[in-house]
Amino acid sequence: MESICRLYRIIGGKQFLSVIMLAGGLGLLPACATVPEDPDLLALYEETNDPYEPFNRLSFEITQWGDRWFLRPVANVYRTITPTPARYGLSQFTSNLGEPYNMLYNSLQGEWSRAGNSLSRFLINSTFGIGGLFDVAGRIGIQPAGENLEDTLAVWGVPEGPYIFIPFMGPTTGRGLLARGVNFNRAYVIDGSLAPLNHINDGRDFIDNQSLILSGAGILEGRAQFIGTDRQVEESTVDLYTTFREFYRQSLRRGIANGQVPVDEIDLEEDLDIFDEEFEEEFDE
Amino acid sequence: MSRIFNRRFAPLFGLLACLWAMPAHATGEPAAEAALQKYMDGAIAIIADESKPQDERVEDLRRLLHEAVAVRRIGLYVLGPYARRADKGLRAELLGLLEDYMITIYARRMLAFNIAEVEMNIISSRKKGSKGKEAIVATEFSGGDFNNPVKINWWLVKNKKGVYQIFNLGFEGLWVAQEQRASFASVIQRGGGEISALAAFLRKAISEAASLAQEQDEGE
């Protein structure tokens with residue numbers, strides 16, 4: 001503890017948190033879940049990749065509490081009083097501010113066409129779109145090519161790492177934690193994670209700027225967009241925490257694959273053969 | 001309106017969607033497209049027939065479910081390794097409960113879905129895997145309760161008779177069967193690793209949903 005305090009005094013608050021995130025990304029968090037011994041269950045455990053599940057569940061519940069009692073009500077008011085054109089403009093404005101980062105990360109991934117899209121979108125929307133308030137580029141067929149550092153690390157071969165849910169900061173992975181630690185100066189402190197559904201999107205971050213005011217407005221806009229859908233998901237899910245984790249992870253992989261649906265990695269053929277052989281007498285499908 | 005009959009939920013998780021004229025799209029895997037078209041037409045006919053009582057339409061959907069959806073395969077997939085650990089009797093019970101769960105939770109919501117103005121277009125289809133048993137059909141829904149166009153992908157698998165059935169549903173790239181698999185595994189793990197915990201959970205969920213539906217019917 002003394003060493004940690006000394007480190008904090010030396011490097012200051014912001015960098016201290018960065019170091020913590022990086023350390024977490026290196027897997028120094030204590031594992032909490034019990035590793036099964038059964039080979040089949042071990043395979044499922046590894047497939048799930050949630051070794052800190054007890055901690056993550058607690059974090060999720062805390063965050064849900066904050067969303068239920070604070071963010072959702074505020075976002076509801078925001079949605080009610082803010083005219084739709086203004087909401088649309090804010091959404092577009094914050095997205096536009098993220099386009100240079102999209103260009104950077106697309107370039108780092110060697111996705112030159114997508115990098116070109118991001119640059120074009122930024123230039124067109126910043127000028128003809130009046131500072132990014134209108135998505136003129138989208139209307140002429142230049143679609144968003146959202147990227148982030150975590151996706152870039154994935155393309156470079158950095159493994160995903162364990163699933164981690166940080167209270168009030170939302171879901172991430174070991175790799176994501178590393179990316180956040182590097183990107184800490186981009187106002188990731190609060191990124192709308194009070195509403196976990198914000199993270200299951202098309203890869204765009206609603207907070208891509210360093211202004212707390214814009215960040216706050218972006219958080220509200222992001223949350224407002226899921227009002228309604230959030231209740232439906234909650235009412236239909238078997239286990240909200242697990243549903244959210246799986247959809248987040250799928251969303252992550254979809255983002256890495258640039259929107260392509262990553263189902264080919266799931267090899268069902270072997271399972272189908274096994275189903276037919278082992279359970280032939282039990283059903284005739 | 002009861003949560004069960006919330007119309008806006010149906011587009012999100014309905015296994016069978018409704019109404020439109022699907023243009024012929026002879027690309028990729030026509031057999032899969034044709035199968036999906038047939039199932040959709042059947043679902044439309046059931047959902048649109050408001051002259052029948054709801055319970056009858058639910059039973060019609062159950063029959064369609066058996067034809068259109070690879071219920072047992074989905075059940076075995078979402079049970080994961082626990083499918084083999086269960087004995088034959090428990091496995092049969094679980095698969096039966098899963099079927100009831102699908103009907104109770106999803107079918108009733110589909111019946112509340114506003115199908116009159118929905119349009120669906122097939123974007124593409126392709127085979128998946130190397131044995132010719134699987135296909136992915138990409139569709140887009142718009143109109144009706146869809147505020148914005150929604151992409152839904154359908155993962156179909158061939159049964160023993162070589163007929164395509166729906167195995168998985170991908171809503172904007174998020175696949176439901178994988179989520180259900182993880183959720184059911186979570187229920188079992190939190191039940192101390194006992195597979196019977198999942199059976200108890202499903203019975204409770206079905207019972208609660210059925211009670212809610214009955215209250216709704218009586219209220220109307």
Side-chain angles (χ1 to χ4, degrees), chain A residues 33-34 36 38-45 47-48 50 53 57 200-202 228-229 231-251 253-255 257 259-264 266-269 271-276 278-285, chain B residues 3-4 6 8-9 12-13 70-73 75-77 80-85 88 91-92 95 101 105-106 109 128-131 133-134 136 138 151 153 155 157-161 165 167-168 170 172-175 177-187 189-190 193 198 201-202 205:
Chain A
T34 304
D38 182 280
D40 286 338
L41 298 183
L42 179 60
L44 184 62
Y45 173 85
E47 177 186 321
T48 304
D50 189 5
E53 183 171 340
R57 280 190 178 271
I200 302 172
N201 55 31
D202 60 1
T229 305
R231 289 282 186 259
Q232 294 165 359
V233 172
E234 285 178 21
E235 290 163 9
S236 299
T237 186
V238 172
D239 173 17
L240 184 61
Y241 166 82
T242 308
T243 296
F244 177 73
R245 181 189 68 203
E246 292 308 310
F247 281 157
Y248 168 74
R249 193 172 274 144
Q250 286 190 49
S251 178
R253 290 170 187 159
R254 183 187 59 189
Q260 299 302 312
V261 177
V263 290
D264 291 300
I266 302 169
D267 183 7
L268 192 65
E269 288 180 333
D271 284 341
L272 290 177
D273 289 340
I274 293 171
F275 291 164
D276 288 344
E278 289 191 18
F279 305 112
E280 184 174 2
E281 294 178 1
E282 293 181 33
F283 63 100
D284 57 2
E285 279 181 9
Chain B
R3 295 176 302 174
I4 291 289
N6 188 330
R8 288 180 294 172
F9 188 82
L12 198 63
F13 284 107
V71 177
R72 295 286 166 168
R73 280 211 171 96
L76 291 171
Y77 177 76
Y82 297 105
R84 292 191 184 86
R85 292 161 67 84
K88 190 174 177 179
R91 190 163 45 242
L95 293 176
Y101 181 78
I105 300 296
Y106 298 131
R109 293 185 181 184
K128 179 186 178 308
S130 58
K131 297 184 180 179
K133 289 186 179 181
E134 304 169 70
I136 305 286
K151 289 185 173 56
N153 292 302
W155 182 347
V157 297
K158 282 185 179 174
N159 61 13
K160 290 182 179 179
K161 298 173 186 171
Q165 292 180 307
F167 171 75
N168 201 350
E172 290 285 346
L174 302 178
W175 293 93
Q178 279 87 306
E179 179 270 329
Q180 292 284 289
R181 179 180 164 103
S183 294
F184 290 154
S186 170
V187 171
Q189 286 160 6
R190 287 185 296 138
L198 178 60
F201 172 85
L202 290 171

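Both backbone and side-chain heavy atoms feed into the values below; hydrogens, waters and symmetry mates do not. Labels below follow one simple rule: chain letters A, B, ... track the order of the sequence lines, proteins then strands, and each chain is numbered from 1.
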Enquirer: On a heavy-atom basis, which atom in Trp175(B) and which in Phe247(A) lie closest, and how many Å separate them?
Expert: O-CE2, 3.7 Å

Enquirer: How long is the span from the CD atom in Gln180(B) to the OG1 atom in Thr242(A), to the nearest 0.5 Å?
Expert: 10.5 Å

Enquirer: Using the ring-ring contact (aromatic ring centres under 6.0 Å, His included) criterion, which residues pair with Tyr241(A)? Sequence neighbours excluded.
Expert: Phe60(A)

Enquirer: Rounded to the nearest 0.5 Å, what's the gap from CD on Glu53(A) to CD on Gln189(B)? Could you check?
Expert: 6.5 Å

Enquirer: Tell me every residue that passes side chain to side chain contact (heavy atoms under 4.5 Å, CB included) with Thr48(A), counting only those two or more places apart in sequence or in another chain.
Expert: Leu44(A), Asp50(A), Arg245(A)

Enquirer: Measuring from Arg57(A):CZ to Ser186(B):OG, what's the distance to the nearest 0.5 Å?
Expert: 4.0 Å

Enquirer: State, to 0.1 Å, how close Glu246(A) and Glu179(B) come at their nearest heavy-atom pair, and which atoms those are.
Expert: CB-CA, 4.0 Å

Enquirer: So which part of Ala182(B) gets closer than 4.5 Å to some heavy atom of chain A, the side chain, the backbone, both or neither?
Expert: both

